[in-house]
Peer 1: 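Here it is, the structure, as structure tokens.
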Amino acid sequence: MILGLIAVSVIAAGFLFLRYYPHRRAVLIEGVFDKAEKTTELFKNTRLITYWFDNYCRECMEKEKPNPLYGQCHQSIPSSAVQLVNSYQPQQGDPIRIVVWKNIFGKVIAYRIERTNFAEEFGPRQLEQEEQEWRAYEEARDRRKALDLGMIVSELRAKREEDNIRYAMERLGMSRGQVIAAGYHTLPNSRILDISRAKALSEKTGTTVTEEDVRREEKKFMDEVLVRSYDAPFCGWEADLTLRYHHDYEYAETGTVAKTEVGDTEWVLHHIKTCPVCFPKFNKMRERFLSSPRTQECLTDENIAEIVRTGMLGGKKELDWHGCLRCHVLFIRRQEEYLKVPSGPECFTQADLHGIHTTGEIPEDWRAHLAQCLRCQYASRRHRDMWLDRVAPQPDIPRFRLKNIRKNLKKTQ
Ligand SMILES: [Zn+2]
Ligand SMILES: [Zn+2]
Ligand SMILES: [Zn+2]
Ligand SMILES: [Zn+2]
């Protein structure tokens with residue numbers, strides 16, 4: 001009896017020993033600390049603390065190719081693990097390493113955070129690599145674009161610079177010399193557009209409107225347009241997304257849906273009008289549409305038809321939606337209708353399009369039709385992109401590194 005008790009105690013003590021004995025010490029991760037977060041392990045109920053780092057951590061740096069799977073390096077520790085008393089309390093941007101002690105089963109039972117010289121050791125090299133990646137990216141992007149336009153890269157660059165100068169001259173009402181002196185030809189067109197809008201608004205209102213003000217307004221408009229985005233909650237009906245994506249503007253304009261690919265029209269309408277998730281969304285869009293009146297600035301039906309047909313208005317490619325939901329809804333609706341119309345006799349067949357994405361060639365004698373058929377322009381663009389993806393794939397955008405310390409690193413360089 002006593003012997004039995006002793007045996008049980010020894011086994012229990014042994015088990016506890018194994019469970020809590022720090023069998024192995026290891027460095028879990030080293031890098032620039034970003035933040036710590038409480039999480040729960042997927043499919044298990046283990047509570048964790050996840051430590052996030054700026055890219056890249058030491059392990060990723062020492063590998064030939066960093067793991068591109070995650071946007072940010074991170075590691076987790078079970079909440080049950082003991083943080084040692086002499087552990088460092090990191091602030092965002094601190095270079096640290098996490099040292100862990102594991103038991104014989106491989107579970108982390110204790111850890112300590114230590115400050116390191118990771119930033120000095122790897123920082124400049126990471127930023128240098130990022131710069132190299134950007135150069136390679138731009139190179140690959142220009143090669144692709146040049147191939148698409150049937151030019152060589154230097155021709156493409158010369159043409160782009162010339163286009164930029166002309167664009168800025170026209171938009172900002174400046175001479176060639178003024179544009180080049182101000183460096184406006186090196187800015188992307190979107191920024192020139194913002195600058196010109198700010199200038200026009202300043203003149204109109206008599207106050208100073210900055211580029212940032214314009215951008216903020218633009219964002220507000222885009223957010224409104226993106227009501228139809230994928231982020232909004234679903235009602236659980238699997239067709240919700242299709243319905244919303246294809247019929248919200250239709251409902252906004254007409255207050256009904258004419259024909260759907262997701263089910264009997266009457267049933268779908270009934271769903272829209274009774275579903276607690278769908279109804280507010282559709283209704284909001286409709287109310288917004290009805291409450292944005294047609295103003296002087298609005299596009300006429302003829303304007304919209306012209307844009308739909310030619311992609312331009314009065315020969316100008318760039319369209320000003322004057323932040324108007326009404327014009328946007330009507331344009332998207334007319335465009336959808338136009339692109340849906342069954343192909344005319346001269347339109348490209350599936351076999352023609354297949355040829356484009358196999359050879360990349362668009363035969364000379366197709367060009368006349370292409371020039372006046374937006375439907376075929378879209379379709380051939382899509383198929384030519386497929387060809388380009390094969391012969392000159394779109395390069396990956398380089399990863400943004402060391403977000404918490406890059407400013408300071410660049411200063412000291
Ligand atoms: Zn990493
Ligand atoms: Zn619904
Ligand atoms: Zn309008
Ligand atoms: Zn066509």
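Source: prediction; values computed, not measured. Numbering of ligands and ligand atoms starts at 1, following listing order.
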Peer 1: With under 30° as parallel and over 60° as perpendicular, where do the rings of H74 and W52 fit, or are they tilted in between?
Peer 2: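 Geometry flag for W52 against H74: tilted rings.
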
Peer 1: Find the distance between CD (Q394) and CZ (R144) and round it off to the nearest 0.5 Å.
Peer 2: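 Taking CD in Q394 and CZ in R144, the distance rounds to 4.0 Å.
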
Peer 1: So, do H369 and F348 have ring centers that fall under 6.0 Å from each other?
Peer 2: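 Here the rings of F348 and H369 have centres that are less than 6.0 Å from each other.
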
Peer 1: Quick one: side-chain hydrogen bond (donor to acceptor under 3.5 Å, both in side chains) pairs with a partner in residues 183-193, sequence neighbours left out?
Peer 2: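 Output for this query lists R191-E211.
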
Peer 1: Do R406 and F400 form a cation-pi contact, if we require the NZ or CZ to be under 6.0 Å from the six-membered ring centre and within 45 degrees of the ring's axis?
Peer 2: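 Yes, R406 and F400 form such a contact.
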
Peer 1: Suppose we call two aromatic rings close when their centres sit under 6.0 Å apart. Are Y111 and W101 close by that rule?
Peer 2: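 Between W101 and Y111, which both carry aromatic rings, the centre distance is not below 6.0 Å.
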
Peer 1: Calculate the angle formed at the Zn ion (ligand 4) by NE2 in H369 and SG in C347; 10° precision is enough.
Peer 2: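 For NE2 of H369 and SG of C347, the angle centred on the Zn ion (ligand 4) reads 110°.
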
Peer 1: Taking the Zn ion (ligand 4) as the vertex, what is the angle from SG of C376 to SG of C373, given to 10 degrees?
Peer 2: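 The SG/SG angle about the Zn ion (ligand 4) sits at 110°.
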
Peer 1: Taking N, O or S atoms only and a limit of 2.8 Å, check whether C324 reaches the Zn ion (ligand 3).
Peer 2: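 True for C324.
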
Peer 1: Taking only protein atoms, how many N, O or S atoms are found under 2.8 Å from the Zn ion (ligand 1)?
Peer 2: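 For the Zn ion (ligand 1), the figure is 3.
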
Peer 1: Return the minimal non-hydrogen interatomic distance between R141 and P395, and the atom names on each side.
Peer 2: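 Scanning both residues, the minimum pair turns out to be N-CG, 3.9 Å.
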
Peer 1: Hey, can you tell me if H354 and H357 have their rings parallel, tilted or perpendicular (30° and 60° cut-offs)?
Peer 2: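 Correct class here is perpendicular.
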
Peer 1: Taking the Zn ion (ligand 3) as the vertex, how big is the angle to SG in C298 and SG in C327, rounded to 10°?
Peer 2: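 It comes to 110°.
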
